[in-house]
Amino acid sequence: MQALTFHNKHELHYESIPDPAILKPDDAIVKVSHCAICGSDLHVYHAHEQGLDSGTAMGHEFCGEVVEVGRAVKNLKKGDRVMSPFTSSCGQCFYCRKGLTCRCEQGQLFGWVEKGEGLHGGQAEYVRVPLAAGTLVKIPEGMPDELALLLGDILSTGYFCADQAGIRPDETQVVLGCGPVGLMTIWAARKLGAGHLYAIDQVPERLAEAERWGAKSINFAQTDAIQFIREMTEGRGADAVLEAVGQEKSNRLAFDLLRPGGIFSAVGVCTHEHTVFTPVEAYNKNLTYKIGRCPARFYLEKLLQAAQDDAALLCSVFTHRYALRDGVKAYDIFANKLDGCVKVILEM
Ligand code: NAD
Ligand code: ZN
Ligand code: ZN
């Protein structure tokens with residue numbers, strides 16, 4: 001099959017790799033109809049995260065049609081249209097039962113093969129999905145692939161970020177980053193009744209999007225965001241900051257924006273070695289710090305209806321569409337924020 005594969009920093013190939021096969025009775029094979037590029041793929045692309053084997057199929061946002069199931073998979077059959085969270089999960093272990101499906105005892109991240117172990121990704125014609133009965137969800141009749149892709153990762157992630165932030169209508173919330181995850185976070189914060197919602201970035205098109213999605217935008221390259229938010233909060237700072245960037249600087253900004261007793265909710269993946277605030281700084285702020293991978297399998301089901309209600313807005317996050325064979329170019333455009341690109345969808 002054809003796939004977009006990792007080789008080195010900024011070096012992806014569109015090439016032929018072996019077709020996936022059923023390896024265990026609880027596997028399924030999905031023929032991908034659409035896939036998308038995530039900000040998390042950029043950590044791999046820029047080689048911030050080490051270890052991925054050369055030749056690994058990239059990506060973890062995909063949907064498509066079941067073409068084969070192992071003998072233990074009873075709830076799915078050939079021909080079912082399915083979506084997938086970005087990690088596999090069994091649905092039965094301690095963590096899955098708690099709704100922390102991202103920490104499933106047997107869970108794996110799609111698009112991560114290291115020393116021959118792990119899962120190939122969804123930026124390919126076919127994907128092997130382990131624990132298929134617990135991982136895959138049938139796409140409801142009439143739901144477009146675009147929405148199914150969003151539910152499998154960034155829509156769920158944005159909601160998770162807002163859910164952790166203890167949103168209250170009488171308080172001030174700040175979303176850091178107006179990339180795809182930041183926009184989903186704005187949507188979710190509004191759903192959860194955000195009071196005074198601000199969003200920070202420096203890319204003009206993305207700030208304009210943040211306004212369209214319902215936040216007041218702040219360009220941190222032009223405005224002193226900390227001073228601005230203090231002025232809006234009688235000198236205190238934000239009640240909650242929702243971090244959707246994952247850089248050292250954005251993390252420090254998030255910390256500095258918060259009032260004492262505030263909540264720092266982070267979904268941005270920061271690969272820096274240390275936290276940007278010290279234990280005593282956190283102590284002196286009575287900080288609540290919530291961070292982690294989104295349990296997308298848990299949120300995906302919870303959000304099915306709300307997502308369909310706002311499908312037009314949510315799907316408008318996809319600004320660019322390419323064929324999988326043009327995926328190398330698509331990565332360049334997304335990674336470098338060229339041509340007003342916010343999010344890319346790839347079709348077969
Ligand atoms: P993206 O790179 O497209 O967007 C990040 C945005 O942050 C950009 O618009 C950039 O201009 C802006 N930015 C950079 N520095 C900033 C700063 N100091 N202050 C404010 N904004 C700043 O990425 P994305 O697809 O939106 O993903 C965002 C993050 O979310 C990534 O780190 C990704 O790995 C992570 N992520 C986490 C999960 C999870 O489960 N926790 C899931 C999906 C994505
Ligand atoms: Zn992702
Ligand atoms: Zn599990």
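In each ligand, atom 1 is the first atom listed, and ligand 1 is the first ligand listed. This is a predicted model, so every value here is computed, not measured. As a basis for the values below, the full set of heavy atoms in this structure was taken, side chains included, without hydrogen atoms, waters or symmetry mates. Index from 1, following the sequence.
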Less than 4.0 Å between a side-chain N and a carboxylate O, is that true for [Y] and [X]?
X	Y	answer
Asp170	Arg168	yes
Arg236	Glu234	yes
Glu209	Arg212	yes
Asp332	Lys329	no

Protein contact of [atom] - nearest heavy atom, named by residue and atom, plus distance:
atom	result
atom 20 (C) of ligand 1	Ile200 O, 3.5 Å
atom 23 (O) of ligand 1	Gly39 CA, 3.6 Å
atom 28 (C) of ligand 1	Ala244 O, 3.2 Å
atom 17 (C) of ligand 1	Phe220 CE2, 3.5 Å
atom 12 (C) of ligand 1	Asp201 OD2, 3.2 Å
atom 40 (O) of ligand 1	Cys294 N, 2.8 Å
atom 35 (C) of ligand 1	Val267 O, 3.6 Å
atom 1 (P) of ligand 1	Arg206 NH1, 3.9 Å

Looking at [X] and [Y], would you say the former's side chain and the latter's main chain have a donor-acceptor pair under 3.5 Å?
X	Y	value
Ser88	Gly107	no
Asp53	Gly116	yes
Thr223	Ile218	no

Worksheet item: Mind checking whether Gly246 has an N or O less than 3.5 Å away from an N or O of ligand 1?
Response: no
Worksheet item: Does NZ or CZ of Lys285 come closer than 6.0 Å to the centre of the six-membered ring of Phe255, within 45° of the ring's axis?
Response: yes
If the cut-off is 4.0 Å to any non-hydrogen atom of [X], which atoms of ligand 1 fall inside it?
X	answer
His43	31 (C), 32 (O), 33 (C), 34 (O)
Ser250	17 (C), 18 (N)
Gln247	15 (N)
Gly177	7 (O), 20 (C), 21 (N)
Lys337	8 (C), 9 (O), 10 (C), 11 (O)
Phe334	3 (O)
Ser40	33 (C), 34 (O), 35 (C), 36 (N), 43 (C), 44 (C)

Please determine whether any non-hydrogen atom of [X] lies less than 4.0 Å from an atom of ligand 1.
X	value
Lys343	no
Ala266	no
Gln202	no

Item to complete: Taking the side chain as every heavy atom from C-beta outward, state whether Leu155 and Trp187 have any atom pair closer than 4.5 Å.
Response: yes
Worksheet item: Do Lys343 and Ile154 come within less than 4.5 Å of each other through their side chains, counting heavy atoms only?
Response: yes
Worksheet entry | Winner among Val203, Val181, Val245 once heavy atoms are compared against atom 31 (C) of ligand 1 | Val245
Worksheet item: Does Val342 approach ligand 1 within less than 4.0 angstrom via side chain, backbone, both or neither, non-hydrogen atoms only?
Response: neither
Item to complete: Would you kindly specify which portion of Phe86 sits under 4.0 Å from ligand 1, judged on non-hydrogen atoms: side chain, backbone, both or neither?
Response: side chain
Worksheet entry | Angle subtended at the Zn ion (ligand 3) by SG of Cys90 and SG of Cys96, nearest 10° | 120°
Practice prompt. Give, rounded to 10 degrees, the angle between NE2 (His60) and SG (Cys38) as seen from the Zn ion (ligand 2).
Written response: 110°
Worksheet item: Under 2.8 Å from the Zn ion (ligand 2), is there an N/O/S atom belonging to Asp153?
Response: yes
Practice prompt. Would you please test Tyr126 and Glu68 for side chain to side chain donor-acceptor pair (under 3.5 Å) and show each step?
Written response: CA-CA 11 Å; Tyr126 295 91; Glu68 201 182 341; over 6 Å; no
Worksheet entry | Aromatic ring proximity, centroids under 6.0 angstrom, Phe334 and Tyr45 | no
Worksheet item: Aromatic rings Phe228 and Tyr198: how do their planes relate, parallel, tilted or perpendicular, breaks at 30° and 60°?
Response: perpendicular
Worksheet item: With hydrophobic residues grouped by side-chain heavy-atom distances under 4.5 Å, do Phe318 and Leu147 end up in a single group?
Response: yes
